[in-house]
Amino acid sequence: MNREFFDRSVHEVARDLIGCQLGVGETAGVIVETEAYEAADPACHAYVGRTARNEVLFGPPGRAYVYLSYGIHSLLNAVAEPEGSAAAVLIRALEPTRGIELMRERRGRDELEQLCSGPGKLTEALGVGLELNGADLLAPPFELRASDPKWATVEVVTGPRIGITKAAELPWRYCVSGSRYVSRPWPQVETRAA
DNA sequence: GCCAGGATCGTCT
DNA sequence: GACGATCCTGGCG
């Protein structure tokens with residue numbers, strides 16, 4: 001995983017982050033759900049122009065944009081596209097792979113599906129707070145690895161983004177088809193015991 | 001299982 | 001002074 005990976009269209013980056021391993025300290029998980037936000041997008045924090053909060057979005061690719069949501073949750077984004085172009089990928093869900101006991105303590109829940117299945121949940125599980133805003137995703141405490149073969153072939157489906165009111169119809173959410181670890185069950189599907 | 005309501009605070013009008 | 005890129009709980013069926 002290198003800087004060039006993030007120096008592309010935010011949509012490609014959002015798609016390609018699916019299946020990658022994201023680690024923070026002792027904890028890690030495989031990214032199974034993302035959303036793309038670009039500068040010309042009314043739902044993007046950078047849409048209104050440069051402000052103190054969204055500063056990091058205009059900076060170089062490959063950094064973390066972390067902000068406080070609803071006064072309670074830290075949400076983690078990966079800044080994409082060249083410096084000056086404000087765009088980012090919201091990390092919405094992980095399949096936990098390492099440090100699961102620590103995640104359980106931080107989350108106060110035991111079920112694997114409840115540890116990282118949402119943007120606010122995974123930051124709590126990984127210990128990501130506002131102090132990491134602007135930090136380099138390619139350096140500790142972050143750790144990003146390209147998807148291993150097992151994940152290279154999974155089916156990725158797209159659909160509308162979640163929790164926004166502006167430009168909600170744009171199909172810029174990406175997630176692993178059928179994963180039990182995404183923030184919301186995918187509309188389609190299927191399998192019900194008879 | 002589904003839905004309504006509350007928690008909580010930095011940022012921008 | 002209002003508003004969220006959310007999560008959890010409790011009530012009801």
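Letters A, B, ... mirror the listed sequences (proteins, then strands); counts begin at 1. Since we're looking at a predicted model, the values are computed, not measured. These values consider heavy atoms only, across backbone and side chains, with no hydrogens, waters or symmetry-generated copies.
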Interface with DNA chain C, restricted to residues 28-38 of chain A and to heavy atoms under 4.0 Å: Tyr37(A)

Nearest atoms (heavy-atom pairs only) where Cys44(A) meets Ala86(A): SG-O, 4.5 Å

Flag side-chain contact, heavy atom, 4.5 Å: Val156(A) against Arg15(A): yes

For Ala46(A) against Asn54(A), the heavy-atom pair lying closest together: CA-ND2, 3.7 Å

Polar side chain donor-acceptor pair, Arg92(A) to Ser183(A), under 3.5 angstrom: yes

Test salt bridge (Lys or Arg N to Asp or Glu O under 4.0 Å) applied to Glu101(A) - qualifying residues, sequence neighbours left out: Arg104(A)

Side chain proximity check, Met1(A) to Cys20(A), heavy atoms < 4.5 angstrom: yes

Close residues, residues 107-119 of chain A, relative to DNA chain C [heavy-atom separation under 4.0 Å]: Arg107(A), Arg109(A), Gly118(A), Pro119(A)

OH (Tyr47(A)) with more than 12 external heavy atoms under 6.0 Å: no

Terminal contacting nucleotides, 5' and 3', DNA chain C versus chain A (heavy atom, 4.0 Å): dG4(C) to dT9(C)

Side chain to side chain donor-acceptor pair (under 3.5 Å) pairs, two or more places apart, involving residues 127-136 of chain A: Arg3(A)-Asp136(A)

From CA spacing to verdict: side-chain contact (heavy atoms from CB on, under 4.5 Å), Phe6(A), Val79(A): CA-CA 7 Å; Phe6(A) 294 98; Val79(A) 175; over 6 Å; no

Shortest non-hydrogen contact from Glu33(A) toward Val182(A): OE1-CB, 3.2 Å

Could you give the side-chain donor-acceptor pairs of residues 144-151 of chain A under 3.5 Å, partners two or more places apart or in another chain?
| from | atom 1 | to | atom 2 | distance (Å) |
| --- | --- | --- | --- | --- |
| Asp148(A) | OD1 | Lys150(A) | N | 3.0 |

Donor-acceptor contact below 3.5 Å, side chain Glu95(A) vs main chain Gly29(A): no

Contacting residues from residues 161-168 of chain A, given that a heavy atom lies under 4.0 angstrom of DNA chain C: Ile162(A), Gly163(A), Ile164(A)

Gln21(A) and Thr97(A) side chains, donor-acceptor separation under 3.5 Å: yes

Arg98(A) versus Gly25(A), closest heavy-atom pair with distance: NH1-O, 3.2 Å

Test: Arg161(A) cationic atom under 6.0 Å from Tyr174(A) six-membered ring centre, within 45° of axis: no

Side chain Ser179(A), main chain Val176(A), donor-acceptor under 3.5 Å: no

Show which side-chain atoms of residues 63-77 of chain A pair as donor or acceptor with protein atoms under 3.5 Å away, not counting sequence neighbours.
| from | atom 1 | to | atom 2 | distance (Å) |
| --- | --- | --- | --- | --- |
| Tyr65(A) | OH | His45(A) | ND1 | 2.7 |
| Asn77(A) | ND2 | Tyr65(A) | O | 3.2 |

Considering all heavy atoms, the nearest Pro96(A)-Met103(A) contact: CB-SD, 3.9 Å

Close approaches to DNA chain C from residues 9-18 of chain A, in residue order (heavy atom, under 4.0 Å): none

Residue met sooner reading DNA chain C from 5', once Leu90(A) and Glu124(A) are mapped to nucleotides: Leu90(A)

Residue list, side chain to side chain contact (heavy atoms under 4.5 Å, CB included) with Glu26(A), at least two apart or on another chain: Leu102(A)

Dot-bracket line, read 5' to 3' along DNA chain C, where crossing pairs take [ ] and | marks a partner on another strand, Watson-Crick or G-U under 3.5 Å: ||||.|||||||.

Heavy-atom closest contact (Arg107(A) atom, Leu115(A) atom, distance): NE-O, 3.2 Å

Summary of protein contacts for nucleotides 7-13 of chain B, nucleotide by nucleotide, where a base hit scores B, a sugar-phosphate-only hit scores S (4.0 Å, heavy atoms): BBB-SS-

